Amino acid sequence: MSLVPMKQILDEAMKAGYGVGAYNVNNMEQIQAIMKAAKETKSPVILQASKGALEYTSFVYIKHLVLAALEENPDVPMSMHLDHGPDLKTCKLAIELGFTSVMIDGSIDYGAKTPTGKHPARSFEDNIRVTKEAVDYAHRFGVTVEGELGTLGGIEDETQTDRVLLTDPNQAAEFVRKTGVDALALAIGTSHGAYKFKAAPKLAMDIIEKTHKNIPKTALVMHGSSSVPQELVEVINQYGGKLDKTMGVPIPSIQQAIKLGITKINVDTDGRLAFTGSLRKYLALNPKEFDQRKYLGEGRKGIYDVMKFKMVAFGTAGHSGDYKPMSLADMKRVYGAA
Ligand code: G3H
Ligand code: 13P
Ligand code: ZN
């Protein structure tokens, strides 16, 4: 099997009413952990890499690690997606590496800086312009495109905007019509990273519902979806870490979001927490150990446990054999680009 266009994985999930996790990866252990969980739970899966991940892996390593995962897991429909592509150049690079999906994050102008050193938010029109450019380019290769409307917290705190700009469901419909994106990231009050909320989160579920009604064929994406499980934070702090009190997005909120129309659920932080906690614990309890396979292996196991749980909770489990995976060539025909 080859890597599957993300559009097919999301379209199938939308039809059947479940969510698919998109898990950020930067190294072999993360990829192995996620793939093992996907294989065992019979889940289709989306691996995703940020620009930072591409740079960390010197580009070529990520490509071959993903190919290795594919070779080892021929029965798992999997996509490789560029997360938060800052510009068309990075999207082109990801497509060259063989990614079957790219995100163009047109909500922020990463190439510009304000006098205070922050990246400005793009206007609606400018977002449409850069996103459409990416769609026109990617669809020629059968590659899926995710756009973003509105701004999240976390990495996007660096924007000029002094508050989170939630997505307007009516603008979303216009955005999709004018750009042709396959998937749309919504801003509903989540943010990236471990420090999302001080108390129980209030997410704008009505935005999901209204947007889904307006554009029922477009896959909706929830970024910043880590749950920041307290037990993971506690393990880190028990073994020398110093994380502050924090809350993530509870699993029942994600399940409600899936019911209302979210299909792709982005998770990075929970994998980082699981890996860090397992490593810290192992090294603290085994101070004489210096074989990296031991502690990296523990980190891998930590990620596997967390991801397996999510695949079941998001409803992805059991669906890997539901459909015949398409190739990029098949998807080019769908886009009329063949
Ligand atoms: O949304 C951002 C992801 O968590 C990726 O983070 O840029 O540190 O790789 P990163
Ligand atoms: P978390 O930081 O909540 O894991 O979000 C990751 C994300 O949205 C990647 O695009
Ligand atoms: Zn994100």
Side-chain angles (χ1 to χ4, degrees), residues 6 10 19-27 30-31 33-34 45-59 61-62 65 79-87 90-91 94 99 101-108 110 119 144-159 164-165 167 183-197 201 203 219-230 232-233 243 246-251 253-254 257 262-277 302-303 306-307 309-310 313-314:
M6 190 173 80
L10 297 179
V20 183
Y23 305 104
N24 284 75
V25 295
N26 303 268
N27 64 27
Q30 283 177 303
I31 295 176
I34 295 161
V45 71
I46 301 164
L47 300 183
Q48 58 184 12
S50 66
K51 183 167 186 263
L54 295 184
E55 287 164 357
Y56 179 75
T57 57
S58 308
F59 307 96
Y61 284 90
I62 193 82
L65 286 170
S79 292
M80 188 63 210
H81 173 72
L82 171 68
D83 188 29
H84 292 283
D87 48 34
T90 313
C91 293
F99 285 33
S101 181
V102 293
M103 174 181 185
I104 175 80
D105 188 348
S107 59
I108 292 170
Y110 290 99
H119 296 304
T144 309
V145 181
E146 174 183 335
E148 178 175 314
L149 194 56
T151 55
L152 301 142
I155 55 167
E156 294 179 9
D157 282 345
E158 288 172 39
T159 64
V164 171
L165 299 168
T167 306
L184 183 66
L186 301 181
I188 57 163
T190 61
S191 63
H192 292 108
Y195 300 103
K196 298 185 193 299
F197 311 103
L203 300 178
L220 302 182
V221 185
M222 187 166 155
H223 282 245
S225 303
S226 279
S227 301
V228 193
Q230 287 314 290
L232 297 185
V233 174
L243 297 184
T246 173
M247 282 189 77
V249 185
I251 292 287
S253 301
I254 297 175
I262 288 290
T263 306
K264 176 173 180 269
I265 302 124
N266 280 21
V267 174
D268 186 355
T269 298
D270 283 355
R272 294 178 179 193
L273 293 173
F275 194 76
T276 304
I303 298 177
V306 168
M307 299 314 172
F309 175 78
K310 288 186 193 292
F314 298 166

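Since we're looking at a predicted model, the values are computed, not measured. Just follow the structure's listing: the first ligand is 1, and inside any ligand the first atom is 1.
Counting heavy atoms from C-beta outward, K264 and Q48 have side chains that approach closer than 4.5 Å.
Heavy atoms of D83 found under 4.0 angstrom from ligand 1 belong exclusively to the side chain. Only side-chain heavy atoms of N24 come within less than 4.0 Å of ligand 1; its backbone N, CA, C and O stay farther off.
Any N or O atom pair closer than 3.5 Å counts here, and S50 shares at least one such pair with ligand 1. Residue-to-ligand polar distances keep N24 apart from ligand 2: every N/O pair is separated by 3.5 Å or more. Taking distance alone, with nitrogen or oxygen atoms compared against 3.5 Å, D268 approaches ligand 1 more closely than that limit. Between D270 and ligand 2, not a single N/O pair is under 3.5 Å apart. Between G224 and ligand 2, at least one N/O pair is under 3.5 Å apart.
Listed by number with element, the atoms of ligand 2 under 4.0 angstrom from any heavy atom of H192 are 2 (O), 5 (O), 6 (C), 7 (C), 8 (O), 9 (C), 10 (O). Counting the atoms of ligand 2 from 1 in the order shown, those under 4.0 Å from a heavy atom of H84 are 10 (O). Taking every heavy atom of V267 and a limit of under 4.0 angstrom, the matching atoms of ligand 2 come to 4 (O).
Selection from K196, E148, R272 by nearest heavy atom to atom 3 (O) of ligand 2 gives K196. Considering R272, E55, H84, H192 only, the shortest heavy-atom separation from atom 10 (P) of ligand 1 involves R272.
Residue contact annotation: Q48 has no non-hydrogen atom under 4.0 Å from ligand 1.
Note on ring orientation: taking the six-membered ring where Trp is involved, the planes of F314 and Y23 are parallel (angle under 30°, cut-offs 30° and 60°).
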